*Asks:* 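Please find one structure pasted underneath; my questions will follow.
We count ligands from 1, going down the list as the structure has it; atoms in each ligand are counted the same way. Quick caveat: nothing in here was measured; it's all calculated off a predicted structure.
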Amino acid sequence: MQNLNAMISLVPKMAPDDYVGFTFFIGAMAMMAASAFFFFTMNDFDRKWKTSILVSGLITFIAAVHYWYMRDYWFVNVESPTFFRYVDWILTVPLMCVEFYLILKIAGAKPKLLWKLIVLSVIMLITGYAGEAIDPENAQIWGLVSGIAYFAIVYEIWLGGAAKLAKAAGGSVLKAHKMLCWFVLVGWAIYPIGYMAGTPGWYEGIFGGLNIDVLYNIADAINKIGFGLVIYTLAVRQTEAEQLSA
Ligand SMILES: *C/C=C(C)/C=C/C=C(C)/C=C/C1=C(C)CCCC1(C)C
């Protein structure tokens, strides 16, 4: 009976030092909790902010579903779920670009800004996927192209058109924009570092053999949930300000 149970068991064991499995599991839970928070609180705000918070919830929700898949994939195959990882990113990173656009709309952001950021992020991710999964022999070249697209995003939001709009908006919009800019500059930088550490012959082993999925998982939790909380805080501030002036 015991053996039969083990045979049909759908819940695999997890080794206490399986940090990849652990961070996939806790990542899934954190993303689910964050999604519930954003979905339930979005109705406290008026239309303008509701959409932004809805997008925050969609980002963490899409990630939660992918994390559940990746957790299973890792348990069964003990190999990086690179494909699902990139499917997740290609859906959620453009949504993060939407967040920039939505908060800057007050200052007159045009759809052109949104498309610019989305196209750059898609180039960044497709070339990154090519280097990691399709053509790892040329990981350096793919990584370089991906890195250039990443820097173009950083430039646009810190110094380019998006930065000018944020300045024009001022107040808590400017503050929130700055916060998101820091997430992109520091939080997103974890990914290319992980990529380099995972590419043989590059900086392989700088983290003492730590699986890069652990880095990616930590970065995702910081970036996706953090981004959403910045938006949520902005919505709270703006709503308070509007109520005071009413
Ligand atoms: C929620 C997921 C996020 C915010 C993912 C962001 C991913 C990146 C910023 C990835 C960047 C990469 C490079 C800049 C070069 C090497 C390849 C990538 C794709 C890891």
*Asks:* What heavy-atom pair brings Pro81 and Tyr73 nearest, and what distance separates the two atoms?
*Replies:*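 Pro81 and Tyr73 have their closest heavy atoms at CB-CD2, 3.5 Å.
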*Asks:* Could you tell me, atom by atom, which parts of ligand 1 come under 4.0 Å of a heavy atom of Val93?
*Replies:*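 Matching atoms, with element in brackets: 2 (C), 3 (C), 4 (C), 5 (C), 6 (C).
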*Asks:* So, for Thr239 and Ala235, which heavy atoms are closest and what is the spacing to 0.1 Å?
*Replies:*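 Closest approach of Thr239 to Ala235, heavy atoms only: OG1-O, 2.6 Å.
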*Asks:* Do the ring centers of Phe37 and Tyr232 come within less than 6.0 Å of each other?
*Replies:*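 That pair passes the under 6.0 Å test.
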*Asks:* Counting non-hydrogen protein atoms only, what is the nearest one to atom 18 (C) of ligand 1? Give residue, atom name and distance.
*Replies:*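 Looking only at protein heavy atoms, the one closest to atom 18 (C) of ligand 1 is Ser146 OG, 3.8 Å.
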*Asks:* I need the nearest protein heavy-atom contact for atom 4 (C) of ligand 1: residue, atom name and distance, please.
*Replies:*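 For atom 4 (C) of ligand 1, the nearest protein heavy atom is Trp188 NE1, 3.5 Å.
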*Asks:* Between the side chains of Tyr67 and Asp220, does any donor sit under 3.5 Å from an acceptor?
*Replies:*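 Yes, a side-chain donor-acceptor pair sits under 3.5 Å.
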*Asks:* Taking atom types as modelled, is there a side-chain donor on Tyr69 or Asp88 under 3.5 Å from an acceptor on the other?
*Replies:*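 Looking only at side-chain atoms, Asp88 and Tyr69 do not form any donor-acceptor pair under 3.5 Å.
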*Asks:* Hey, is Thr127 touching ligand 1 through its side chain, its backbone, both or neither, going by heavy atoms under 4.0 Å?
*Replies:*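 No part of Thr127 comes within reach of ligand 1.
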*Asks:* Met96: heavy atom below 4.0 Å from ligand 1, yes or no?
*Replies:*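 Under 4.0 Å: yes for Met96.
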*Asks:* What part of Glu132, side chain from CB on, backbone N/CA/C/O, both or neither, has a heavy atom under 4.0 Å from ligand 1?
*Replies:*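 Neither part.
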*Asks:* For atom 2 (C) of ligand 1, what's the nearest protein heavy atom and its distance?
*Replies:*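 Among all protein heavy atoms, the one nearest atom 2 (C) of ligand 1 is Lys224 NZ, 2.4 Å.
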*Asks:* Less than 3.5 Å apart, any donor N or O on the side chain of Asp18 or Trp74 sitting next to an acceptor on the other?
*Replies:*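 On atom types as modelled, these side chains qualify, holding a pair under 3.5 Å.
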*Asks:* Within the 4.0 Å heavy-atom shell around Asp220, which atoms of ligand 1 are there?
*Replies:*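 Atoms satisfying the 4.0 Å criterion: 1 (C), 2 (C).
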*Asks:* Can Lys50 and Asp44 be counted as an ion pair, charged N to O under 4.0 angstrom?
*Replies:*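 Salt bridge flag = no for Asp44 with Lys50.
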*Asks:* Heavy-atom distances under 4.0 Å decide this one: backbone, side chain, both or neither, for Tyr191 against ligand 1?
*Replies:*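 For Tyr191, backbone and side-chain atoms both sit under 4.0 Å from ligand 1.
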*Asks:* Measure the distances from the heavy atoms of Tyr86 to every atom of ligand 1 and state whether one is below 4.0 angstrom.
*Replies:*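 In this structure, Tyr86 qualifies as a contact of ligand 1 - some heavy atom is under 4.0 Å.
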*Asks:* Would you mind checking which non-hydrogen protein atom is closest to atom 9 (C) of ligand 1, with the distance to 0.1 Å?
*Replies:*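 Heavy-atom neighbour on the protein nearest atom 9 (C) of ligand 1: Met124 CE, 3.4 Å.
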